[in-house]
Amino acid sequence: MEISEAIDKVLNAKKELEAAWDGNPLPSFVLDNHLKILRCNASATELFQTSFFHLLGKDFVELFWKEEIQEEIRNSLVRRSEKSSFPVILSRLEGSFQLLSQLISEDRRVVYIVNLDTIRVPENREEEVRLKLALESGQSGVWDFSLRLGKAYFSPEYARMLGFEPERFPQNFSHWETLVHWEDREQIRSLFENYLNGSIDSHDLEIRMFTRSGKTIWVWSRGKVVERDENDLPVRVIGTHIDITERKKTEIRTEAVIKIGQKSSLMESEDNILLLALRYSLQLTESNWGVVRICRDGVLIRESGMYTMRDQSNSVFVPIDSTTTLPHIIRELPLKFNLKDNESIELTLYNKRTEYESIDFKEVELLGTELVHIIIRKRTEDLLLASEWNLQSIVECSPNGILILVDGNIQFYNRSSEILLSQNKNQMRNKKVSEILGFLNGEDPFEFIQSLSNNGFAPDQNVVEKNIILSNGQKKWISFWAIEIIYNGEVSILVYLNDLSKAKDTETQLLQSEKLATIGQLAAGVAHEINNPMAFISSNLETMKRYHKQLATVMANVHSVLQKNHMDPAISKILTDWDRNDLSNVLLDTSDILEESIDGASRVVEIVRNIKSFAHVNKEESFVRCNLNEVINSAINISHHNIKYDSVVEFSFDKNLPEIFCHPQEIGQVVINLLVNAGHAIEEKKNHGLFPDTQGEKPGKIEIKTKCIYSENNQQFAEIKIKDNGIGIPEDIQSRIFDPFFSTKETGEGTGLGLSISMDIIRKHKGKIDLESVRCEGTTFSILLPTNLED
């Protein structure tokens, strides 16, 4: 019984709710997440003059709003919070409406429609005063707000300004607020809050408002407090609105021209300038989206587009890309502007809320005309700049240094001159040339350049080579050529500088190479001469070893016999002499001495053979096939005296390494250079005390490895790796170690040619040499040599 009563109560409650829903005078709807109508009441069917079954399942947005703003409203409804209220413009129905929305579940929303035309404020005794004000204002629309009561009055001229018939314009604040442009609505609300709290007593500003047709106009709003309460707080504000749309659009167009001109002068791209013009065109006409095209001979060259979207309380202009979905075209405004005979700018605007008007065409056409002038001017300036840039690029890219001097002061210089004269970037302007460089003989540089410029015009007639000293103390060989010119209206001297240091270095390197070749030939001759005496010395030592062995055997037998007859005085004397001279140990030492001598002689023969092999001059300059491991082994033997005191050499040779096609002597020279450098690096680290004490007298370690590797395209290479644990190479000079005559050693301790020559040799063999070095940890050189160079 209790359950039955409960069911009856629920059913009765349901009937009451349904009756309340159907009896609600406000048109009411229940919508799903896609804004489809799930239910509506009787007031809703009366509003749309149709049946419940016709409304069921319809898209609420398409039912209520005009097509041009449906997408905008749809997004706005979906983004709204649980409770929200916003005005309705461009409705398919006659009148002004306010929309109230509330979420009732995760997938349900109830929407109420308030007809603002039915909300009216009764007239009062002040009507005559207001009417008088309205008449006195002429073309101005007069408004009168009662701040505390929320009442409002709008003059007939005000209603006409917004496209309403005066008798049908609702005299209330709620309706008026719906006509304020959504971007300015927060500003208006803040304004009246300031009136209410007494922080202001007047205002003067420009805002946008919607007319009844949905068109946007600019109004100049002025107002003043005319009545206060006993607490001196405002209770009534009267003001005027004047339509300033024409003036405001002119201001926007003027701003657009200024901004576009600024973009042009700032070297902005032509596409960005066109997009900026399109943005202002959208703003002037309040279009939804637009496209600007460049056409030449009727063919589209390029195209850019932009559309508007709401971002909270502002409009945002977003470029159109391939992912943008645009609404179908409702109305459009196409314009065309000629750039030149065969080229034009086509500007098309789409989907204004209302029909495009003559003022839209006029303002955009004026903006487009200015745009054409700016584009033509920009292109002309770009051509001039390009021409100037080309000339400057030629000068800047010249390998020669170029200076222009006026009275000894540097007025122009290119990047090569900065590098050549070791100057920081942009530091030479207006400096005297004598501050930048000098001559070792004390001659004044400017006087020398002046005399040089008077010698003739042909470069081969007045080119002079000079050894100069720079401001940082560096010395260089430079060739000078100078001529008088007119620069910026002044008599000036143009100076060409050519760095001869590398050429001079090359000359020195050639001389050094000749010396090395001569030394090599001398070493080969000396090695040949040493070979002959070493041959019989080695032979004689082997014979002496054999004789000593025989003699030692006999002497041992003699000593044994003498000891058995030691009682004989003569024999006793011999034994005494034997012991005194320690002949037994002498025989043993002599054997060891002969072994060491034979080993030493063998090493001398091996070193002589390696020197002779390394110094051999191949007159035909042809490559031969050789065993790379044997070449490296010879190089190790030759350089052993440079590294044996501080270093241990460990090597791991690939026994299956194929023979390579090369100059064995040159490859050996590279290995020797690297081994000697490794020895010096280890010695320097040891002298600085950077090795741990536990590493003993020979803390250095040099590892030499060979192996066969393959590149990505399956080309075969022989790899040589020489790794040491020496002092390492500072990172800031690693890029210079292969330069000729660059050396980190003290003056007189090296030529600085070793690594440069090594690099040239490896390049000659179509190989590659790489460096990895960490300061105080060591250095690794990797050499790759192609095994199929013969092919």
Side-chain angles (χ1 to χ4, degrees), residues 76-77 79-89 96-102 112 114-122 124 126 129-130 133-134 137 140-155 158-159 161-162 164 169-212 216-245 248 310-316:
S76 179
L77 273 171
R79 287 198 304 268
R80 294 287 175 172
S81 58
E82 292 186 2
K83 292 183 179 180
S84 59
S85 170
F86 56 94
V88 176
I89 60 172
S96 301
F97 301 91
Q98 183 83 11
L99 203 69
L100 306 177
S101 171
Q102 180 175 358
Y112 304 99
V114 181
N115 188 346
L116 297 176
D117 288 345
T118 63
I119 304 174
R120 302 187 64 84
V121 179
N124 55 40
E126 297 174 347
V129 177
R130 296 190 185 113
L133 288 172
S137 63
S140 299
V142 177
W143 51 266
D144 183 350
F145 288 158
S146 178
L147 298 178
R148 301 298 173 82
L149 300 178
K151 297 179 180 180
Y153 165 79
F154 301 94
S155 69
Y158 194 99
M161 182 174 65
L162 296 180
F164 289 86
F169 190 81
Q171 300 287 328
N172 62 74
F173 184 83
S174 297
H175 172 264
W176 176 83
E177 189 183 29
T178 67
L179 300 176
V180 177
H181 194 281
W182 60 273
E183 288 188 38
D184 297 331
R185 203 163 291 151
E186 288 300 324
Q187 182 184 10
I188 288 297
R189 288 171 182 169
S190 176
L191 174 71
F192 282 100
E193 284 179 7
N194 290 333
Y195 271 124
L196 279 170
N197 59 33
S199 59
I200 63 172
D201 62 359
S202 65
H203 76 270
D204 188 335
L205 52 82
E206 296 173 353
I207 61 172
R208 287 161 291 179
M209 298 196 69
F210 294 118
T211 66
R212 188 176 182 215
T216 301
I217 65 170
W218 282 89
V219 298
W220 178 18
S221 175
R222 290 183 295 175
K224 186 175 179 61
V225 174
V226 296
E227 185 179 338
R228 296 179 182 271
D229 62 12
E230 64 277 5
N231 297 319
D232 199 33
L233 291 175
V235 295
R236 185 178 171 201
V237 179
I238 293 181
T240 60
H241 279 182
I242 300 176
D243 187 346
I244 58 169
T245 305
K248 198 63 185 179
R310 287 191 181 185
D311 180 16
Q312 296 180 353
S313 61
N314 291 297
S315 293
V316 179

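- R222 has no carboxylate O lying under 4.0 Å from a charged side-chain N of D204, or vice versa, which leaves the two without a salt bridge.
- Ion pairing between a basic and an acidic side chain is recognised when a charged N comes within 4.0 Å of a carboxylate O; R185 and E177 show no such pairing.
- Of all non-hydrogen atoms in L179 and F169, the two that sit nearest each other are CD1-CE1, 3.8 Å.
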**Derivation and outcome, side chain to side chain contact (heavy atoms under 4.5 Å, CB included), residues L147 and F173** = CA-CA 10 Å; L147 298 178; F173 184 83; over 6 Å; no
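- Residues satisfying the side chain to side chain contact (heavy atoms under 4.5 Å, CB included) criterion with N194, sequence neighbours excluded, are S190, N197, S199, I200.
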**Request:** Given side chain to side chain contact (heavy atoms under 4.5 Å, CB included), test W143 with V237 step by step and report yes or no.
**Result:** CA-CA 8 Å; W143 51 266; V237 179; 3.6 Å; yes
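- Between H175 and F164, the gap from one ring centroid to the other is short of 6.0 Å.
- Of all the heavy atoms in G198 and P234, the pair that sits closest is CA-CD, 4.1 Å.
- When the side chain to side chain contact (heavy atoms under 4.5 Å, CB included) test is applied to V235, the partners found at least two apart in sequence or on another chain are R148, E227, D229.
- For the side chain to side chain contact (heavy atoms under 4.5 Å, CB included) test, residues two or more places apart in sequence or in another chain that qualify with I244 are E206, W218, W220, I242, R247.
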**Message:** Is there a side chain to side chain contact (heavy atoms under 4.5 Å, CB included) between V225 and Y195? Walk through the geometry before answering.
**Reply:** CA-CA 8 Å; V225 174; Y195 271 124; 3.6 Å; yes
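- Donor-acceptor pairing under 3.5 Å is lacking for the side chains of N172 and S174.
- For E186, the side chain to side chain contact (heavy atoms under 4.5 Å, CB included) partners two or more places apart in sequence, or in a different chain, are R189.
- For R212, the side-chain hydrogen bond (donor to acceptor under 3.5 Å, both in side chains) criterion is met by E94, not counting sequence neighbours.
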**Message:** The test is side chain to side chain contact (heavy atoms under 4.5 Å, CB included); show your working for F145 and K151 and say whether it passes.
**Reply:** CA-CA 6 Å; F145 288 158; K151 297 179 180 180; over 6 Å; no
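- Judged as a side-chain hydrogen bond (donor to acceptor under 3.5 Å, both in side chains), and not counting sequence neighbours, the contacts of S221 are H203, H241.
- For the pair R228 and D201, the minimum side-chain heavy-atom distance is below 4.5 Å.
- Considering only heavy atoms from C-beta on, I217 comes within 4.5 Å of L162 through its side chain.
- For the side chain to side chain donor-acceptor pair (under 3.5 Å) criterion with R208, the lone passing option out of D184, T216, T245 is D184.
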